[in-house]
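This structure is a prediction, so every number in the text was calculated from the model and none was measured.
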Amino acid sequence: MSKYDPKEIEPKWSRHKGGISPDGAGSTGINNKYEPKNIECNWQKKWNKSGIYKTQDFSNKPKFYALDFFPYPSGEGLHVGHTKGYIATDIASRKKILEGFNILHPMGWDAFGLPTENYAIKHKIHPRIATEKNIANFKKQLEKIGFTYDWDREINTTDPEFYKWTQWIFLKMFEKGLAYESEEPVNWCPSCKTILANEDLENGRCERCGTQVAQKKMRQWVLKMTAYADRLLYDLDSKDLDWEDLIKEQQKNWIGRSEGAKVKFQITNYKLQKNTKYQIPNTKYFIEVFTTRLDTIFGCTYCVVAPEHPIIKNYESRIMNYEEVEKYIIQAQNKTELERTGLAKEKTGVELRGIKAINPFTNEEVPVWVADYVLGSYGTGAVMAVPAHDERDYDFATKYGLPVKNVIVAKNFQFPISNFQANPKSQTPSSKQAEKAYKKDGILINSGKYNDLTSEKAREKMTKWLESEGIGEKKVNYKMRDWVFSRQRYWGEPFPLIFCPNCKKIAESSKSPTVAKAMAGKQIPNYKQTQNSKFPPTTDQPQAGKIQNMEFSLGEILNPGWIAVLEKDLPVKLPEVKSYEPTGTGESPLAKISEWVNVKCPKCNGPAKRETNTMPQWAGSSWYYLRYVDPKNKKAPVDKEKEKRWMPVDLYVGGAEHATRHLLYARFWHKFLYDIGIVSGKEPFKRLVHVGLINGEDGRKMSKRWGNVINPDDVIAEFGADTLRLYEMFMGPFAQNISWSTKGVNGMRRFLDRVWGSNVKCQMSNDKSNSNDKIQNSNLERLLHKTIKKVTEDIENFKFNTAISAMMILSNEFEKSAYGGQRANLFKEYYSNFLILLSPFAPHIAEELWESLGNKKSIFLESWPKYNPKLAQEEEIELVIQVNGKVRDKIKAAADILEEEAKNLAIQSEKVKKIIDSRTIKKVVFVKGRLVNIVI
RNA sequence: GGCCCAGUGGUGGAAUUGGCAUACACGCGACACUUAAAAUGUCGUGCCCUUACGGGCUUGUGGGUUCGACUCCCACCUGGGCCACCA
């Protein structure tokens with residue numbers, strides 16, 4: 001790190017010719033108007049040249065790692081909404097610099113992905129060129145705002161030296177069996193011509209282009225994120241995680257853990273007599289359902305399976321209306337996601353006539369239906385339907401005339417037993433048929449030996465019974481799915497995988513039963529998750545090993561034929577192509593480049609082909625924060641010592657829209673990197689703060705479409721960067737969405753004009769005791785200490801709006817002391833402290849005024865002022881006198897006035913006397929330093 | 001439908017976490033400076049009654065707890081966010 005050397009730059013900077021008196025005080029010499037244009041660019045150059053913000057890898061100072069969600073360099077450029085978060089981290093960083101921290105505050109580019117590619121196709125520019133152009137533009141915009149970034153650590157996800165390590169991490173996941181090839185139906189965007197992850201959807205539409213997404217069966221790479229579901233959930237509540245509840249809640253909902261039970265419903269042989277004893281061990285024909293409401297099982301009146309459930313094919317010969325069922329299934333598959341799950345959904349289904357299922361608790365036979373309101377991809381793909389206590393089942397049962405059987409009543413429910421069971425068909429506790437399902441927990445009725453138990457207790461007992469009989473068990477399910485990780489597009493990281501037909505044969509020749517099972521189902525056996533377990537588990541899992549004297553990794557065994565590119569051959573560079581349009585066939589444009597696709601197998605040297613899909617945009621951002629720590633490392637994604645030094649990120653700021661994507665993906669990757677020993681902590685981001693949007697002046701979201709986009713360049717040209725910085729922080733609470741107001745910007749500029757002006761108008765004095773304005777200044781002293789306290793705490797809490805308001809109050813007082821016709825004396829120390837408080841917010845003007853006071857070094861080499869708690873409190877207060885809670889009088893009193901004295905003062909008040917009149921005083925309440933309340 | 005958040009002047013918002021509601025700013029009005037305008041400065045600015053002195057009302061609505069509620073509890077209304085047939 002080069003040291004800040006004022007000598008090097010100082011001479012060019014004596015722009016102001018003001019006389020500095022020998023004692024360093026005296027007139028400041030600034031009497032020109034505040035013109036940000038004249039000072040901001042110069043200070044930016046000076047900071048760059050001096051290297052004042054260069055990060056030291058190791059120093060004795062405590063570390064502070066401040067990070068923003070790195071931007072996607074789009075063709076549109078930055079608008080003022082993007083910069084809001086960046087300004088906040090910059091303020092936090094500058095304050096930490098002043099407090100003596102060694103800071104890491106980097107910036108980089110999340111540049112792979114669909115928007116750039118679509119932009120490139122539209123404008124006929126190669127995505128690489130478009131990216132370079134956009135980055136240059138973004139950087140220019142950012143530099144004008146005066147951030148403390150250390151540009152030596154700039155990263156770019158599309159740089160082969162960066163994505164080499166993205167590929168490396170993927171290979172490690174593959175090696176450990178966390179990446180698998182799959183051919184399940186996935187979300188397909190017909191416009192972007194690629195598959196999308198669940199996280200990339202908004203209401204069943206492509207998050208990028210708004211096109212309705214279709215379900216398409218397609219070969220794809222999937223990361224086994226569900227293996228980390230429990231840890232992703234559990235660690236959210238860890239002490240090390242200082243996140244807003246809003247974001248935590250969103251992640252919890254997304255992970256969607258539910259505890260319940262799996263239950264096997266035996267399928268009857270239709271010819272069996274009704275009273276045949278239920279004999280579970282003698283047959284293997286079951287429908288296995290998942291339920292979180294085992295307590296309602298006595299109310300189950302039918303079962304439903306998803307259209308893709310295997311039971312349908314298996315029982316083809318037994319299902320009497322198979323043609324009808326098949327027709328329904330085809331219909332259901334042709335529905336779009338929206339039709340199937342959308343708002344106006346009408347439930348449909350067909351009974352599987354010819355088979356029935358037996359409720360293991362009642363031994364009753366219930367009909368089995370196929371309906372697309374049951375999802376094949378969640379739980380077991382089959383449910384027990386309890387219309388009385390589930391809304392969906394209730395709707396369905398009502399439509400198709402299926403019975404409703406009540407088994408739960410509210411805890412405090414009183415019902416006449418005579419009415420109850422009067423009508424066996426609808427055993428509602430009241431004489432009237434219930435109009436909707438009672439969904440809450442309650443007390444069991446109609447449930448045999450479980451009657452009168454609470455729902456909670458019943459679930460516990462019933463689960464135990466299931467387990468003892470071997471026909472069911474406790475089961476946890478997650479809404480979160482594995483991460484669909486491949487895209488059929490050009491502008492992304494190539495997969496470092498090669499397909500070798502010869503090695504496929506060898507892998508498949510393995511006789512290991514677990515391997516065979518894994519290959520057949522393309523599934524990795526589940527392993528028991530515990531909060532501290534690492535992946536992969538060591539038992540109940542196929543292992544890496546030798547087949548025919550060749551070493552295969554777990555990934556290579558689970559995905560026969562797929563061979564990892566050797567580490568020494570990384571990165572697998574994205575080849576230059578002329579045509580990068582998506583093909584639409586499900587193949588990436590890379591498939592057409594035969595000289596790139598055809599390679600020798602790294603394992604057997606036979607002819608083989610590269611994987612031609614690319615990784616999704618979120619790949620690079622899942623670990624980029626680690627690379628800033630050690631951006632030039634050629635041997636590993638990050639050096640261990642440096643990782644320990646800097647991680648975790650102390651402050652991470654970005655929009656809430658990433659709560660369920662980037663933040664989940666990054667936590668997943670980080671946990672994996674922890675498991676394989678690359679990082680030392682379980683969580684990447686210690687403190688997370690979410691930034692609210694800035695809308696246009698019309699209240700709508702800023703967009704080209706509405707013509708309401710505000711470009712920071714224009715604001716800076718008109719008002720200056722410091723005004724922009726202050727205004728964005730002053731707009732309102734940081735996390736809130738607020739509309740831009742040009743008038744408000746103007747007001748902020750006026751504030752800075754006044755700050756500049758008081759420097760001109762006030763006579764700086766170094767001598768507190770001899771000051772003509774001693775009394776004035778002693779009031780100022782209290783105010784200053786109050787302001788230091790307020791600003792210090794508010795920055796910590798991201799309450800920038802009130803911090804600025806506090807500085808305005810102080811500055812207004814400076815102004816007052818400068819008026820009255822005469823130039824007033826202002827104690828220099830107060831003004832200096834004020835400038836330091838202001839400097840994180842408005843660094844350019846602070847530096848300029850600091851210099852004008854005769855200081856030779858940057859203001860950022862000073863230290864953050866400390867407040868005196870005694871001075872930060874008022875000496876004298878206005879004691880509020882209330883009668884029956886209403887304010888009736890205010891009396892000046894010492895802040896530490898005692899109870900007796902205060903009460904006496906209150907009662908003696910003329911105004912109070914009038915109101916009390918002849919009524920008697922019942923009680924007098926005293927709150928120290930605040931008020932007296934007289935109750936009459 | 002589920003989970004979460006918010007509702008305070010003409011506007012953005014503040015309120016030490018149960019103790020002076022409306023800080024700070026925008027806007028508006030009056031005045032000063034100016035030939036004039038802009039800029040700047042001074043004063044005023046929650047609503048209602050009153051010439052005034054003064055009084056009454058006020059934090060989406062209704063109720064509750066409390067000496068005292070923007071703040072806590074219950075119900076409702078309105079707006080926003082995330083998820084959404086997840087059994």
Side-chain angles (χ1 to χ4, degrees), chain A residues 33 201-204 244-254 256-258 260 289-294 296 304 306 340-343 345 347 371-375 377-386 389-393 395-396 439 477-481 656-657 659-660 692-693 727 730-733 735-748 750-751 753-754 757 789-790 793 799 801-809 811-812 815 819 873 877-890 922-936:
Chain A
K33 208 174 155 251
L201 301 188
E202 268 173 15
N203 281 331
E244 288 166 67
D245 289 340
L246 176 84
I247 308 284
K248 282 208 258 186
E249 280 307 312
Q250 274 187 36
Q251 277 210 4
K252 281 181 190 171
N253 288 344
W254 187 266
R257 181 191 153 103
S258 17
V289 305
F290 173 72
T291 179
T292 55
R293 289 299 303 275
L294 191 58
T296 65
V304 190
R340 196 172 159 175
T341 65
L343 294 165
K345 65 221 160 191
K347 288 181 183 47
D372 62 9
Y373 82 89
V374 171
L375 304 174
S377 52
Y378 181 77
T380 57
V383 301
M384 61 175 212
V386 185
H389 304 294
D390 182 285
E391 210 159 10
R392 294 151 300 178
D393 297 342
D395 291 345
F396 193 78
K439 292 182 295 182
N477 265 328
Y478 299 93
K479 282 192 213 174
M480 186 178 79
R481 307 292 148 85
E657 71 272 18
T660 52
L693 294 174
Y727 174 65
F730 186 65
M731 289 175 83
Q736 195 169 300
N737 299 351
I738 301 180
S739 302
W740 185 263
S741 152
T742 303
K743 281 181 178 158
V745 182
N746 209 10
M748 196 49 71
R750 281 209 284 259
F751 167 60
D753 282 335
R754 280 200 299 275
K789 180 172 195 276
K790 181 87 181 138
E793 290 169 358
K799 289 165 81 177
N801 52 338
T802 49
I804 294 168
S805 124
M807 289 189 288
M808 284 174 164
I809 293 169
S811 158
N812 288 346
E815 276 278 275
Y819 276 93
Q873 280 170 0
I877 52 144
E878 275 199 324
L879 189 69
V880 172
I881 315 295
Q882 294 181 334
V883 178
N884 283 354
K886 278 193 179 169
V887 180
R888 295 298 178 177
D889 201 3
K890 291 170 188 180
K922 282 188 194 159
K923 192 175 169 186
V924 181
V925 180
F926 172 73
V927 181
K928 202 180 165 214
R930 284 189 212 286
L931 57 74
V932 177
N933 188 14
I934 302 165
V935 188
I936 53 173

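If you check B:rA25, B:rA87, B:rU40 against the side chain of A:Tyr378, the one that comes closest is B:rA87.
Rounded to whole Å, the distance from CG on A:Asp245 to P on B:rC4 is 11 Å. Distance A:Glu657 CD to B:rG80 P: 19 Å, rounded to the nearest Å. One can place OH of A:Tyr373 at 13 Å from P of B:rC85, the figure rounded to the nearest angstrom. Straight-line distance from the CZ atom of A:Phe396 to the P atom of B:rG1: 21 Å, rounded to whole Å. As rounded to whole Å, 16 Å separates atom P of B:rC67 from atom CD1 of A:Ile934. We find that CD1 of A:Ile804 is positioned 12 Å from P of B:rA25, with the value rounded to whole Å. The distance from atom CG of A:Asn746 to atom P of B:rA25 is 14 Å, rounded to the nearest whole Å.
Counting any heavy atom pair closer than 4.0 Å across all strands shown, A:Val935 reaches sugar-phosphate atoms only and no base atom. A:Ser258 comes within 4.0 angstrom of sugar-phosphate atoms only, judged by non-hydrogen atoms across all strands, and of no base. At a threshold of 4.0 angstrom between heavy atoms, the contacts of A:Leu931 include nucleobase atoms, whether or not backbone atoms are also involved. No contact: A:Ser741 has no heavy atom under 4.0 Å from any strand. Counting any heavy atom pair closer than 4.0 Å across all strands shown, A:Val887 reaches sugar-phosphate atoms only and no base atom. At the heavy-atom level, A:Lys479 lies under 4.0 Å from base atoms of the strands shown. A:Gly256 comes within contact range of no nucleotide atom at all, as no heavy-atom separation falls under 4.0 Å.
For A:Asp395, the side chain to side chain contact (heavy atoms under 4.5 Å, CB included) test picks out A:Lys347, with sequence neighbours left out. For A:Tyr727, the ring-ring contact (aromatic ring centres under 6.0 Å, His included) partners at least two apart in sequence or on another chain are A:Trp740. For A:Ser811, the side chain to side chain contact (heavy atoms under 4.5 Å, CB included) test picks out A:Phe751, A:Val755, A:Phe834, with sequence neighbours left out. In this structure, the side chain to side chain donor-acceptor pair (under 3.5 Å) partners of A:Glu244, at least two apart in sequence or on a different chain, are A:His690. For A:Leu931, the side chain to side chain contact (heavy atoms under 4.5 Å, CB included) test picks out A:Val880, A:Gln882, A:Val927, A:Asn933, with sequence neighbours left out. For A:Lys248, the side chain to side chain contact (heavy atoms under 4.5 Å, CB included) partners two or more places apart in sequence, or in a different chain, are A:Leu236, A:Asp237, A:Trp243, A:Asp245. Qualifying side chain to side chain donor-acceptor pair (under 3.5 Å) partners for A:Asp889, counting only residues two or more places apart in sequence or in other chains: A:Ser909.
Using a 90° window around 0 for the glycosidic torsion, B:rU17 falls inside it and is classed as syn. Because its glycosidic torsion is within 90° of 0, B:rG9 is reported here as syn.
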Can you give me the N/O atom pairs linking the protein to nucleotides 11-16 of chain B at distances under 3.5 Å, or say none if there are none?
{"residue": "B:rG12", "atom": "O2'", "partner": "A:Met731", "partner atom": "O", "Å": "2.7"}
{"residue": "B:rG13", "atom": "OP1", "partner": "A:Gln736", "partner atom": "NE2", "Å": "2.2"}
{"residue": "B:rA14", "atom": "OP1", "partner": "A:Asn801", "partner atom": "ND2", "Å": "3.1"}
{"residue": "B:rU16", "atom": "N3", "partner": "A:Arg930", "partner atom": "NH1", "Å": "2.7"}
{"residue": "B:rU16", "atom": "O4", "partner": "A:Arg930", "partner atom": "NH1", "Å": "3.1"}

Output a table of nitrogen or oxygen pairs between the protein and nucleotides 56-60 of chain B separated by less than 3.5 Å.
{"residue": "B:rC57", "atom": "OP2", "partner": "A:Lys886", "partner atom": "NZ", "Å": "3.2"}

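Rounded to whole Å, the separation between the C1' atoms of B:rC49 and B:rG64 comes to 32 Å. Only the C1' atoms considered, B:rA6 is 13 Å distant from B:rC70, to the nearest whole Å. Spacing of C1' atoms, B:rU59 relative to B:rA21, comes out at 7 Å, to the nearest Å. Across the P atoms, B:rC3 and B:rU11 are found 33 Å apart, a figure rounded to whole Å. Of the P atoms belonging to B:rC76 and B:rG2, the separation is 12 Å, rounded to the nearest Å. Going from the P atom of B:rG9 to that of B:rG46 covers 13 Å, rounded to whole Å. On the P atoms, B:rU61 is 11 Å away from B:rU71, given to the nearest whole Å.
A donor N or O paired with an acceptor N or O is not found under 3.5 Å between the base of B:rC67 and the side-chain atoms of A:Lys923. If you check distances only, the side chain of A:Asn933 does reach the base of B:rC67 with a donor-acceptor pair under 3.5 Å.
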